[in-house]
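Some notes on the structure that comes next.
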Amino acid sequence: MATKKEAATSTPTGKAAVANHETETVSVTNSGDLPAVADTTSAVDDVNRPADIAPATDVDPSGAPLQIVPDVDLSHPAVDANPRAGTTVAQNQIDFNDPTMTGSQAVAKALREQGVEIVEDPSKK
């Protein structure tokens, strides 16, 4: 597909615009313009193929599911090999939300477990 590269300028005087450069022919290729290839083995295919990483069967002391990802370089600056460093015990307690309870029910339950009296209906107190 060939396209002409042109400058679009408006001329308030009513005179025709004059290009101050040579017209240049450029070629634009879209991925749809590429011919079909029978052999699709390429680096792109490697990126898009499903990962073969076994599901976790254990949980790390940090709380993360243990999965072995073979090509992760733990010494790379973008990888935090110790995400729980500098945290407290309270910060690392795992608190799963119960999808069978509303938020207010979960709060009431947690307060009851701490010995706090919960008034379900203020009119009955």
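At distances below 3.5 Å, not a single donor-acceptor pair connects side-chain atoms of Gln114 with backbone N or O atoms of Leu111.
Placement of Val107 and Val116 within a single hydrophobic cluster is found when ILVMFWY residues are connected by side-chain heavy-atom separations under 4.5 Å, directly or transitively.
The shortest heavy-atom contact between Ile118 and Ala108 is CG1-O, 3.8 Å.
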